[in-house]
Visitor: 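A single structure is presented below for examination.
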Amino acid sequence: MTTTPTDPSGEERAERSGGDPPLPVARWGWTGELPPDELRTVAPVSFELWRRGHQWVDRRVQTIELLDVESVRQRLSIDFRIPTELPGDVTLAGRRTFFLPIAILPRRSSLAYFDLRDESGQAIPMLTRQENARLTGAMLITAASRAIGSAPRPPDVPPLQLSDALVTYLASIPTKTAGASRPFVQPVLDPVNTLLYPDPAVGDELLRDEDFRDLLGICASCSFIHVPLPAERGERHIIKLSFSSPWDSRLPDRKRTWSERRRAMTTWLGWRSETRYLSLPQVGNAESFHAQVGAPERVEFTEAGMRNRRPADLVRPLAADAPDLPDLPGDALNDRRGYQQFSPGIDAQKHVYVEASHAHRAGFIWVRFRVARHGFLRAVAAVAALTTLLLTLFALNGENVVGESQTAAALLLLVPALIAGFLIAPGEHAMTRHLLRGPRLLTAATGALALIAIAGLLALPESKPHPKVPDSLLCLWWIEAGLGLAIAVLLTLANFLPRAGSREDVSAPAAAEQPFTEPEPEGGSQGG
C-alpha cells in the first residue's frame, strides 16, 4: 500500500525555498448567525413577547399604497417600549442587544424592497430569512414544551416529553414555503399520529393549548421578523418597516367560483367595484391597530373592511381530528369567532381602527374601488350618444347624406378625433388604466363604427343629381346606430354604477359579536 505524503505547511515551504514565511491564514466566522445556545435563549423570550404583545407594543399602524394592479406598498410602524425586566439579551459587538419579534409576514417569495428604519430614519439590520425561520421554529418548539409542561401529572408519573420526530417537524415548518409546509402541519394536528405522538397524552395536551395552536396557524404560512436592537431595558422605540407585496383578487384560500366569473363581465364594464384582499397575519399583539389604505389619482373606494379570527383557524381545515380548543376567559364567544369591521361610503382613503387588539388575530383586509366620477365617463357616454344620433340621421336621410358625402364624412371624422383624446392618457396610474379598460374599449368601438360608416360612404360612386342610396348601406347604418345605442347605454350606466357600500354591522373585540359574514358580493346590501 502506498501513502501520499502530506502537504507541508506554508512555513515549511517558505523555509525550503529560503523566502519569508507567509501571513497566517485567518479563521473566518459568518456574521449574524445565532449560535444554538443563544437561539435557545432568544426563542422563549420571543415567544413571551408574542403572547404579551399588548403589554409592550403601544400601537401598530399599517399604511397600504396601491402600486399597480397586482401589488401594493406596505408601511408598518411599530411603537413599543422594551420591558423593564426583559431577559434574553445577547452581547453583540460589546453592546446589549435584544432580538424583538416586531412583525409577522407571509412566506411569499415575491415580497421585495425591504426597508427597515428606526425613529431617527437610520437604517437598521434584521435577521436573514433563514435565521428568522430557525428562530420561528424554536419559538414553536418552546410553545409545545410549555404546553405539555403545564399539564398536571401524578407525582409518580414522569413528565411528558416531545418526541424527536415532533421536534424535527416543528423546527422545519417555518423553513418551508407556505404551500410546502402543509404536509408538515397536518401530521402535527393529528393526535393519533404514532410517529409524532408515541405517548397519546402528548398529542391531547399539545393540541388543546390555544397558544400552540395559534402559533402553529401562523407558522404554517408566515414567519416572525426579528430585529436585533441594541438598547437598554425600558427604552421606547419606533421601528418602521416597508416592503412591496402582491395582493389577491379573491378571498385567501378561496377558489374562483362561477358566480365570480359571471360578475367579472360587469366589473370589466365598470358597473361593479374591483375588490382586492390583503393578508394581515398580525392584527393583535398591540394595544391598538390602525390600517389605512390610500387610493391613487382618479380612483376612489366604495367600501373597505377587515375580518380577523384566531390564527388557529388558518389551519382548521387540516385539523379534522384535532380536539376543539377550550373556551377562553372573558368574552369567549367574541374571542373564538373573531371580529369584523366595515368602512362604507365613497372616500379616497379608508381607515380601520381596532382598540384593545391584544388578542392574537390573523385575517385580511379588503377594499372595493372604482374610477372617480370625473369627466371621462360622462364625456365618452356623450360621444357615444352623438355617434348614435349621427348614424340614425344618416339612415333616415340617406339621399341627402350621399349627396353631401364629403361634408357628412368630415362630420363623422370628428368622432374618432374626439375619442383619440380620451384613449391617450400619458402618466396615468396603472390601476386607473385597469379600471377603465372596459369603457375605453367600448369608446374605441364607437370610433370604429364612425370609421366604418365613413368607409361605406366614400366607397359609393360619384353622386348624381338624384343619387340612390344602396339598401345595403342603409342597413349598415341602421345596424351601426343600434350598436352605438347599446354602447351609449352601457357607458351611461357606468356613470351611475357602482354605488357606495352602506353596511355598518361592525363588531370589535370589546363589542357584542355580530353574525360573522363574508364580504358581500356587489349587488347585495352594497348595491351596484
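Fair warning: this is a prediction, and the values are worked out from it, not measured in the lab.
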Visitor: Does any donor atom in the side chain of S273 or R370 lie under 3.5 Å from an acceptor atom in the other side chain?
Guide: no
Visitor: Which value, rounded to the nearest 0.5 Å, describes the distance between I102 atom CD1 and S46 atom OG?
Guide: 11.5 Å
Visitor: Measure the acute angle between the ring planes of Y169 and F184, then classify it against the limits of 30° and 60° as parallel, tilted or perpendicular.
Guide: tilted
Visitor: With side chains defined as the heavy atoms from C-beta onward, is the minimum distance between D211 and R51 less than 4.5 Å?
Guide: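 Yes, their side chains come closer than 4.5 Å.
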Visitor: Using modelled atom types and a 3.5 Å cut-off, is there a donor and acceptor pairing between side-chain atoms of Q62 and backbone atoms of A291?
Guide: no
Visitor: Please check if the side chain of R81 supplies one atom and the backbone of G234 the other of a donor-acceptor pair under 3.5 Å.
Guide: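 Indeed, once roles are kept as given, a pair shorter than 3.5 Å links the two residues.
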Visitor: How about I64 and I365: do any of their side-chain heavy atoms sit closer than 4.5 Å?
Guide: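 Result yes, sub-4.5 Å side-chain heavy-atom pair found.
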Visitor: Quick one: list whatever passes side chain to side chain contact (heavy atoms under 4.5 Å, CB included) with E232, sequence neighbours left out.
Guide: R96, E235
Visitor: Do L435 and F369 have side chains that get closer than 4.5 Å, going by heavy atoms?
Guide: yes
Visitor: Please work out whether the ring planes of F114 and F243 are parallel, tilted or perpendicular, with thresholds of 30° and 60°.
Guide: parallel
Visitor: Considering only NZ, NE, NH1 and NH2 on the basic side and carboxylate oxygens on the acidic side, decide whether R233 and E85 come within less than 4.0 Å.
Guide: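 No, this pair does not count.
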Visitor: Does H237 reach the main-chain N or O of A231 with its side chain, forming a donor-acceptor pair under 3.5 Å?
Guide: no
Visitor: For T266 and R272, test the side chains for any donor-to-acceptor distance below 3.5 angstrom and give the result as yes or no.
Guide: yes
Visitor: Check ring-ring contact (aromatic ring centres under 6.0 Å, His included) between H434 and all other residues, then give those that pass, not counting sequence neighbours.
Guide: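 With sequence neighbours excluded, H434 shows a ring-ring contact (aromatic ring centres under 6.0 Å, His included) to no residue whatsoever.
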Visitor: Do R73 and S242 make a side-chain contact, defined as non-hydrogen atoms from C-beta onward lying under 4.5 Å apart?
Guide: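 Sidechains of S242 and R73: in contact.
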Visitor: How long is the straight-line distance from CG of D68 back to CH2 of W247, given to the nearest 0.5 Å?
Guide: 9.0 Å
Visitor: I'd like to check P83 versus L49 (side-chain heavy atoms, cut-off strictly below 4.5 Å). Are they in contact?
Guide: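 A side-chain contact under 4.5 Å exists here.
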Visitor: Using modelled atom types and a 3.5 Å cut-off, is there a donor and acceptor pairing between side-chain atoms of R59 and backbone atoms of F289?
Guide: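 Side chain of R59 to backbone of F289: no pair is present.
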Visitor: Short question: side chain of R107, backbone of A220 - any donor-acceptor pair under 3.5 Å?
Guide: yes
Visitor: Compare all side-chain heavy atoms of E48 with those of T142 and state whether any distance is below 4.5 angstrom.
Guide: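 E48 does not reach T142 side chain to side chain.
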Visitor: Do R236 and D79 sit within salt-bridge range, that is, some charged N less than 4.0 Å from a carboxylate O?
Guide: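 Salt bridge present between R236 and D79.
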Visitor: Could you check whether any side-chain N or O of Y197 sits under 3.5 Å from a backbone N or O of V188, counting only pairs where one atom can act as donor and the other as acceptor?
Guide: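 Indeed, once roles are kept as given, a pair shorter than 3.5 Å links the two residues.
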